[in-house]
Amino acid sequence: MIEEGKPLFLQIAEQIEDSIVDGSLAEEAQAPSTNELASFYRINPATAAKGVAMLTDKGVLYKRRGIGMFVAEGARDMLLGERRSAFADRYIDPLLAEARTLGLGPDDLADLLRQRAAQAQTTIAEGKTPA
């Protein structure tokens, strides 16, 4: 689970964000403590605390004094919005630039997307891994 070359505290924060986005950690649910995270990932508690603090600063988590950290209301929507924006920056903008180069318009792109999605569904239904 731990990636080389990426700061551990960022990976901890991303794991918590992933749990919020996929619904396994619901809004207003208690988040794992820094000690639990440190024990699970076998890292220094200060490193885990840095990842949790990052999410607190971002408004994803909040502290209930004496109880622990909890997922903030609206955190999932906020994270989904961030990820959609990052997805657009990483994939959609370059796609649109290449489409312009090829002379493809929005309808052409929509048709290509539908075709590829149908192919992927067929491949999955046949028990194969999509390319």
Transitive ILVMFWY side-chain link L80 to L61, under 4.5 Å: yes

N/O donor-acceptor pair under 3.5 Å between T122 side chain and A118 backbone: yes

Heavy atoms, side chains only, cut-off 4.5 Å: are M54 and I12 in contact? no

N35 meets the side chain to side chain contact (heavy atoms under 4.5 Å, CB included) criterion, sequence neighbours left out, with S33, P45

At their closest point, which heavy atom of P94 faces which heavy atom of A88, and how far apart are they? CD-O, 4.4 Å

Between L79 and D18, is any pair of side-chain heavy atoms under 4.5 Å apart? no

What are the two closest non-hydrogen atoms of A72 and G59, and how far apart are they? CB-O, 3.2 Å

Please enumerate all residues that pass side-chain hydrogen bond (donor to acceptor under 3.5 Å, both in side chains) together with D77, with sequence neighbours excluded. none

Does a side-chain heavy-atom distance below 4.5 Å link Y62 with M69? no

Please tell me whether L10 and L8 are part of a single hydrophobic cluster in this structure, the criterion being side-chain heavy atoms less than 4.5 Å apart. no

Taking every non-hydrogen atom, the tightest pair across A48 and A38: CB-N, 4.1 Å

Does a sphere of radius 6.0 Å around CZ in R42 hold more than 12 heavy atoms from other residues, nucleotides or ligands, not counting ones at 6.0 Å or beyond? no

Are any non-hydrogen side-chain atoms of L55 and I20 less than 4.5 angstrom apart? no

Taking the side chain as C-beta and beyond, is there a heavy-atom pair between Q115 and L112 under 4.5 Å? yes

Decide yes or no on salt bridge (charged side-chain N to carboxylate O under 4.0 Å, His left out) for K58 and E17, but give the supporting numbers first. CA-CA 11 Å; K58 201 168 152 178; E17 286 180 345; 2.5 Å; yes

4.5 Å side-chain heavy-atom contact, E82 and M78: yes

Consider side chain to side chain contact (heavy atoms under 4.5 Å, CB included). Of D57, T47, V60, T34, which one does V52 pass it with? T34

Check whether any side-chain heavy atom of E27 sits under 4.5 Å from a side-chain heavy atom of F70, and report yes or no. no

Residues L25 and V71: closest non-hydrogen pair is CG-CG2, 3.6 Å

Keeping Q30 on the side-chain end and I67 on the backbone end, is there a donor-acceptor pair under 3.5 Å? yes

So for atom CZ, which belongs to R116, do other residues, nucleotides or ligands contribute more than 12 heavy atoms lying within a distance under 6.0 Å? no

Quick one: closest heavy-atom pair of R83 and E14, and the distance? NH2-O, 4.3 Å

